[in-house]
Every structure is written in C-alpha cells, then in structure tokens.
Amino acid sequence: MSRNLRTALIFGGFVFRIGAAFYPIYFRPRMKLEEYQKEQAINWAGIIQEDVQPPGLKLWSDPVGRK
C-alpha cells in the first residue's frame, strides 16, 4: 500500500468518525425538527424551569427554535 493511500485512508477514517459522532447530536435534530420537539415536550413535561434553573441565569429556550 502506498504511503499516500494509507495517509488518505487514516485521514478519511478520522473525518468519517467525527461525522458519525456529530450526526445524532447536531444534524438529526435539525433535519427532523417536529419529531425532536415532540420528544423534548414529553421529556420536559412537569418540569418547572424556575425550580431547576440556578438563580440569576436566563431561562432556557428551545435550542433548535428559529429566530
């Protein structure tokens, strides 16, 4: 195996792993916005933000909400 091919495969594998790690964290919630919002509504049901937020900090907002 040539040295350049081996270097390209190592670098490509690294980039692939970074992409695979970021897909479920960043890209999937942005591509399936309605599904993510429904899931978060279920997860946050019954939680009052003022009770869990440290005093003096701004209240949480929807991280995928459009401005």
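Across P29 and P24, no two heavy atoms sit closer than the pair CD-O, 3.6 Å.
For E35, the side-chain contact (heavy atoms from CB on, under 4.5 Å) test picks out R28, K32, with sequence neighbours left out.
Y23 belongs to a hydrophobic cluster whose other members, connected by ILVMFWY side-chain contacts under 4.5 Å either directly or through intermediates, are F14, I18, F22, Y26, F27, M31.
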